[in-house]
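Please read these numbers as outputs of a predicted model, since none were measured by experiment.
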Amino acid sequence: YEFLTEVTGFRHHSPIPIGEIALGSLVTFEAEPENSIDPNAIKILMQGKKIGYVTRPLLNDFHNWLNENRIERVVVEKKNGQPDRPTLYIFVEIKAKTQKAKSQYE
């Protein structure tokens with residue numbers, strides 16, 4: 001499963017200016033249960049620095065993928081917006097959920 005998603009809050013949270021972010025840069029995810037606004041939040045990290053968040057509609061899926069170790073690769077795919085309102089998009093690859101094959105005797 002592959003998809004493109006925006007880094008929510010990039011322009012408010014990123015200490016890294018958009019001009020210094022290269023396409024293809026790796027990013028990671030980390031749950032942020034201490035977040036006072038949304039304890040279900042998942043922050044997006046680049047070089048160990050928070051650059052934004054996973055959008056709320058995808059949080060449950062991301063928590064499942066993180067818990068199941070199914071996130072294969074995540075990279076910066078696209079930079080867009082205006083200088084005062086930059087947007088950053090990441091490309092996410094999710095591994096297929098493996099299922100145990102049933103024998104003919106089950």
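- Asp38 meets the salt bridge (Lys or Arg N to Asp or Glu O under 4.0 Å) test with Arg56; sequence neighbours excluded.
- A search for salt bridge (Lys or Arg N to Asp or Glu O under 4.0 Å) contacts involving Arg11 returns nothing, not counting sequence neighbours.
- By the ring-ring contact (aromatic ring centres under 6.0 Å, His included) test, Tyr53 pairs with His13, sequence neighbours left out.
- To the nearest 0.5 Å, the span separating CG on Asp61 from OG1 on Thr55 amounts to 11.5 Å.
- At a threshold of 4.5 Å between non-hydrogen side-chain atoms, the residues Ile42 and Leu59 count as touching.
- Partners of Asn80 by side-chain hydrogen bond (donor to acceptor under 3.5 Å, both in side chains), not counting sequence neighbours: none found.
- Within the 4.5 Å cutoff, the side chain of Thr28 has no heavy atoms near those of the Val74 side chain.
- No donor-acceptor pair closer than 3.5 Å links the side chain of Lys79 to the backbone N or O of Leu23.
- Here Gln82 pairs with Asp84 under the side-chain contact (heavy atoms from CB on, under 4.5 Å) rule; sequence neighbours left out.
- Residues His63 and Ala31 come closest through the heavy atom pair CE1-CB, 4.1 Å.
- Distance check, rounded to the nearest 0.5 Å: CD1 of Ile90 to OG1 of Thr5 gives 6.0 Å.
- Under the 4.5 Å side-chain contact rule for hydrophobic residues, Phe3 and Val75 do not share a cluster.
- For Glu77, there are no salt bridge (Lys or Arg N to Asp or Glu O under 4.0 Å) partners two or more places apart in sequence or in a different chain.
- Leu45 and Leu66 end up in different hydrophobic clusters when Ile, Leu, Val, Met, Phe, Trp and Tyr side chains are linked at under 4.5 Å.
- Hydrophobic clustering, with ILVMFWY side chains joined whenever heavy atoms are under 4.5 angstrom apart, keeps Trp65 apart from Leu26.
- Separation of atoms CD (Glu32) and CD (Glu34) is listed at 5.0 Å; rounding is to 0.5 Å.
- Sorted by first and then second residue, the pairs that involve residues 22-31 and meet salt bridge (charged side-chain N to carboxylate O under 4.0 Å, His left out), not counting sequence neighbours, are Glu30-Lys43.
- Sequence neighbours left out, the pairs with a member in residues 87-96 that pass side-chain hydrogen bond (donor to acceptor under 3.5 Å, both in side chains) are Arg73-Glu93.
- Smallest separation of non-hydrogen atoms from Asn35 and Ile37: OD1-N, 2.8 Å.
- Evaluation of the salt bridge (Lys or Arg N to Asp or Glu O under 4.0 Å) rule for Lys49 yields no partner, not counting sequence neighbours.
- With sequence neighbours excluded, the residues forming a side-chain contact (heavy atoms from CB on, under 4.5 Å) with Ser14 are Phe10, Ile16, Ile51, listed by chain and number.
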Determine, stepwise, if the pair Val76 / Phe91 fulfils side-chain contact (heavy atoms from CB on, under 4.5 Å). CA-CA 6 Å; Val76 173; Phe91 179 76; over 6 Å; no
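- When the ring-ring contact (aromatic ring centres under 6.0 Å, His included) test is applied to Phe29, the partners found at least two apart in sequence or on another chain are Phe62.
- Separating the OG1 atom in Thr8 from the CG atom in Leu58 is a distance of 8.5 Å, to the nearest 0.5 Å.
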